Each structure stands twice: as C-alpha cells, then as structure tokens.
2 protein chains.
Amino acid sequence: MDFKDIDRLAAIVSHRDIDPGQVIFEEGETAEYAYNISRGEVRLYKLLPDGRRQITGFLGEGDFLGLVSDSTYAYGAEAMTPVELCSMRLTNLERLLADIPPVREKLLDMSRDELAAAQEQMLLLGRKTAREQLLSFLLHRLDQAESDAPESKLHLPMSRTDIADYLGLTIETVSRTFTALRDEGLIELPDTHTVVLPELEAVREAAGAF
Amino acid sequence: MDFKDIDRLAAIVSHRDIDPGQVIFEEGETAEYAYNISRGEVRLYKLLPDGRRQITGFLGEGDFLGLVSDSTYAYGAEAMTPVELCSMRLTNLERLLADIPPVREKLLDMSRDELAAAQEQMLLLGRKTAREQLLSFLLHRLDQAESDAPESKLHLPMSRTDIADYLGLTIETVSRTFTALRDEGLIELPDTHTVVLPELEAVREAAGAF
DNA sequence: GTGGTTCATTGATTTGGCTCAATAGGTGCC
DNA sequence: GGCACCTATTGAGCCAAATCAATGAACCAC
C-alpha cells in the first residue's frame with residue numbers, strides 16, 4: 001500500500017460514536033458499512049425468534065467489524081462500553097480491495113483466524129462442561145490481553161448475561177461456576193469484572209488443555 | 001485467470017484416493033497440501049485430550065479443504081466414504097494466489113461463507129434443543145442438496161455417531177430424537193441413512209426458524 | 001447356518017445445568 | 001440517609017440429555 005492508496009483510504013472513512021448497549025447493526029440488515037474499532041468493546045450475536053441469544057464473539061480495539069458474505073450482516077453487533085468506530089462504506093471498500101492486494105491478503109488472513117476461533121468455540125460449546133467452558137473463556141481472554149498485561153489479572157468488560165450467552169449457559173450457572181472456581185482457589189474475584197488466575201498451569205489443565 | 005494461469009495450476013495439482021475412515025490430515029499437523037474434493041464425503045473435527053470429539057463440518061464434492069491460518073491445520077479431516085482428492089502443495093498455491101486476484105477473491109468469499117456457517121452452528125450448539133438441532137441439521141443438508149434433488153428426500157452418508165459429534169449430543173439422544181420425530185410424523189426414515197421431510201413448513205417451524 | 005463385529009435402537013437411571021424464587025451488593029437520585 | 005433500579009449471587013427443585021446397560025439388525029467370514 002503506497003501513499004496514493006492511503007489518501008484514497010482516508011477519503012472514504014468517517015467516524016462514529018456509540019453508547020453502551022446501543023446497536024451498531026442488526027443481523028440481516030443490508031450491510032452498508034464496515035468498521036474498525038478505535039476504542040471500546042463490542043459483542044456479536046445471533047438471535048432465535050423466541051429471543052434466545054447466542055453471542056458469537058467479543059471484539060475490542062483494533063478489531064475489524066462487518067466482514068460480510070452476501071450483502072447483509074450475518075450477525076448483530078452492540079456496544080458493551082462507549083465505542084468509537086472508524087467506518088467505511090462497503091462500496092468504497094470493495095473498490096479499494098479490488099485494487100490493493102495487501103489489504104485483500106490481510107482480510108483473508110483475518111477471516112481465516114476468525115474461522116479457526118469459530119471452530120474452537122464449536123468444540124467448547126459442543127463438548128465442554130460449564131467449568132471447562134468458563135476456564136477456556138478466561139484463558140482465551142488472558143491470551144488476547146497478554147500483550148499489555150504481564151500479570152494474569154483480567155478485566156471482563158461484559159456482564160454475566162453476556163458471558164452466559166457466549167458460552168451457551170444461563171447467568172446462574174456462570175455465577176455458580178465462578179463461585180465454585182473461587183472456592184477451589186483456581187481463580188480470584190476481587191470484583192465482579194476482575195478475575196485473577198494465580199495458577200495458570202492448573203487452569204490450563206482444568207480447561208481441557210485449551 | 002487466463003490460459004497461462006490454468007497451465008500453471010495444472011502443473012501443481014496431483015491426485016489422491018482415500019478409503020472410508022482414513023485420516024486425510026490431523027489437527028496440528030504442518031499443512032503441506034490444500035485439497036479440492038472431487039468425489040466423496042469428508043468430516044472435519046477437533047478433539048479434546050480425553051477423546052471427546054466435535055465435528056465442525058461435513059464437506060462433499062466440490063468443496064475446498066485445507067484453508068489454514070498459520071502453517072498447521074486447525075482441524076482434522078477424515079473420509080466418510082471413498083474420497084478422491086485433487087491436492088495442491090500449499091507453497092505452490094500461495095505463490096499462485098499472490099499472482100491471481102480472482103483465485104484470491106474466491107478464497108475470501110469461501111472463508112466468509114464458512115464463517116457465516118460457523119456462526120449459525122454456534123447458535124445451534126449454544127441455544128437449541130436436541131430436537132431443534134436435529135431438524136436444523138436436516139434442513140441444512142436439504143438446502144445444500146437441493147440443487148440435484150427436487151424432492152425433500154435426503155441421504156445422510158454419516159453415521160449416528162458423526163451426527164452426534166456434530167451436534168454436541170450423544171448417539172443415543174440422536175437415535176431417540178429421530179424416533180420421536182418419526183412417531184410425530186415430522187420425518188420418515190425408510191432406512192438408517194435416508195430421511196424424508198414430508199412437511200417442510202412444519203419442520204422449518206420446529207427447527208427454530210432456521 | 002453360526003459366530004463375530006459393527007452400528008442403531010430402546011430401556012432404566014443419573015446428573016449437569018436450567019427454571020423459578022429469594023436475597024444481596026452497587027449505584028444513582030431525591 | 002432512604003428508596004428504586006439493576007446486576008449478581010445463592011437456594012430448591014426439576015428436567016433434558018447423559019450414562020449405563022441390554023437388545024436388535026445388518027453384514028461378513030468361515
């Protein structure tokens with residue numbers, strides 16, 4: 001990507017601020033924009049007609065949002081915290097992609113990573129117990145955060161309901177499992193949204209070798 | 001893609017036959033080849049250390065196999081029926097991809113479709129009952145087969161165990177659920193590997209609006 | 001035909017996680 | 001402070017699916 005490309009990119013991006021709990025886009029909506037998350041945390045989800053919700057992923061700063069297969073979004077997206085988005089019209093983006101191989105290559109890599117993560121999540125949802133699921137979830141968050149957090153202390157921006165809908169559990173089971181893990185000494189819970197993993201090896205073991 | 005490209009493509013592909021039950025590649029193995037399935041049915045799966053298995057997808061004729069994010073396969077693959085593969089060395093493939101935009105574009109589309117399917121599967125695994133899962137599975141297979149089968153008669157090449165591991169259930173639950181659906185008249189089971197859906201609308205309804 | 005093997009079905013029982021219900025912490029507002 | 005609101009925790013009972021166990025059906029080898 002050279003200077004000319006960067007200029008063209010700058011010309012089609014704009015900015016958008018979202019409050020916590022606000023919908024960024026809904027599943028099935030015609031996809032007009034793709035986004036890059038400048039700040040904040042986002043949940044992706046799918047719904048059944050009766051309201052059951054499955055969260056398919058959590059995104060944070062730097063993540064790309066709005067990769068679509070056809071012309072509609074395959075899932076909904078909501079802000080969990082105040083979110084700043086860098087938005088691009090998909091028509092412009094597609095034209096840009098057609099021209100700039102490195103961007104296209106990056107997109108392909110991203111979707112392959114996302115796919116590998118989705119398969120890991122299927123293993124978790126289909127075959128792991130609540131305990132293993134929660135530990136795997138914590139380890140995964142820790143790995144992601146590792147870059148800027150040297151210690152095994154973890155901030156969870158999402159609610160218990162969000163965690164439950166991500167793991168295919170109920171809020172009560174999530175809460176009970178957190179408590180049980182705390183009582184066993186596998187984790188510490190200084191407050192609701194903070195977890196410390198003092199014995200990482202034991203956690204990895206108990207998570208089903210994540 | 002022009003004639004020159006096709007020649008280069010032809011030069012790097014070769015052929016491979018696989019017997020039912022044979023492993024094509026294992027999760028974690030260094031990825032040397034990507035494949036296109038010429039004939040037969042393949043299951044993709046991930047394993048936990050204690051042997052629990054989650055099937056993450058079934059592939060058939062024409063499907064592409066071996067899209068990897070890093071240098072190792074993210075899942076294992078096994079033949080369910082006799083399989084004929086068209087194989088390509090990944091090193092060659094990568095070089096080819098770097099040069100030919102339409103191939104790269106196709107790959108991106110495929111991985112986006114696969115990702116959308118993965119998210120649908122997460123919804124199914126996390127939030128649907130055994131009954132809804134099985135019906136969704138049948139409808140999905142029917143949609144895929146629709147092209148060459150005008151009727152709502154479906155061939156299931158995989159075993160009950162495979163279906164169970166795909167849906168995150170046990171073989172007994174799959175069998176019981178099949179029987180229950182048959183007794184309700186929602187499906188017919190002429191033999192173990194054949195299902196007929198006489199009332200498609202009722203099935204769609206009961207599957208949780210797949 | 002008989003025994004062995006594999007896969008599917010059916011039955012009996014158990015259990016992990018869900019449902020329903022109550023209680024406890026926080027936080028903000030008046 | 002006192003109250004309302006929201007989220008999380010804890011308790012009691014229940015149920016869908018798992019587990020354990022037996023039987024049936026199809027296929028092959030001898």
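In what follows, every chain begins at residue 1, and chains take the letters A, B, ... in the order their sequences are listed. These figures come from a predicted structure and were not determined experimentally.
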### Query
Looking across every strand, which nucleic acid part, if any, lies under 4.0 Å from A:S175 by heavy atom: base, sugar-phosphate, or nothing?
base

### Message
Just to be sure I understand the rule, does B:T192 reach a base, reach only the sugar-phosphate, or reach nothing, if contact means heavy atoms closer than 4.0 Å?
### Response
sugar-phosphate

### Task
Give the C-alpha distance, both sets of side-chain angles, the deciding distance and a yes or no for side-chain hydrogen bond (donor to acceptor under 3.5 Å, both in side chains) between B:Y33 and B:R16.
CA-CA 11 Å; B:Y33 294 92; B:R16 195 173 152 197; over 6 Å; no

### Task
Look at the side chain of A:R176 and the base of C:dG16, then say whether one donor and one acceptor between them are separated by less than 3.5 Å.
no

### salt bridge (Lys or Arg N to Asp or Glu O under 4.0 Å) between A:D109 and A:K106, worked out
CA-CA 5 Å; A:D109 282 350; A:K106 186 76 200 310; over 6 Å; no

### Task
When you get a sec, tell me which of D:dT9, D:dA8, C:dT9 is the closest nucleotide to the side chain of A:T179?
D:dT9

#### Entry: Nearest-nucleotide comparison on DNA chain D, the residue closer to the 5′ end among B:R131 and B:E172
B:R131

### Message
Main chain of A:K46, side chain of A:Q54: is a donor-acceptor contact present, judged purely on distance under 3.5 Å?
### Response
no

### Query
Counting distance only, does the side-chain N/O of B:D63 pair as donor-acceptor with the main-chain N or O of B:G60 below 3.5 Å?
yes

### Message
Tell me whether the side-chain N/O atoms of B:T173 come closer than 4.0 Å to OP1 or OP2 in D:dA18.
### Response
yes

### Task
Would you classify B:G21 as touching base, sugar-phosphate or nothing, given that sugar-phosphate means primed atoms plus P, OP1 and OP2, and contacts are heavy atoms under 4.0 Å?
nothing

### Query
Does the side chain of B:T170 get closer than 4.0 angstrom to OP1 or OP2 of D:dA17 through an N or O atom?
no

### Query
Is a donor-acceptor pair below 3.5 Å formed from side chain A:R182 to base D:dT10, judging by atom type as modelled?
no

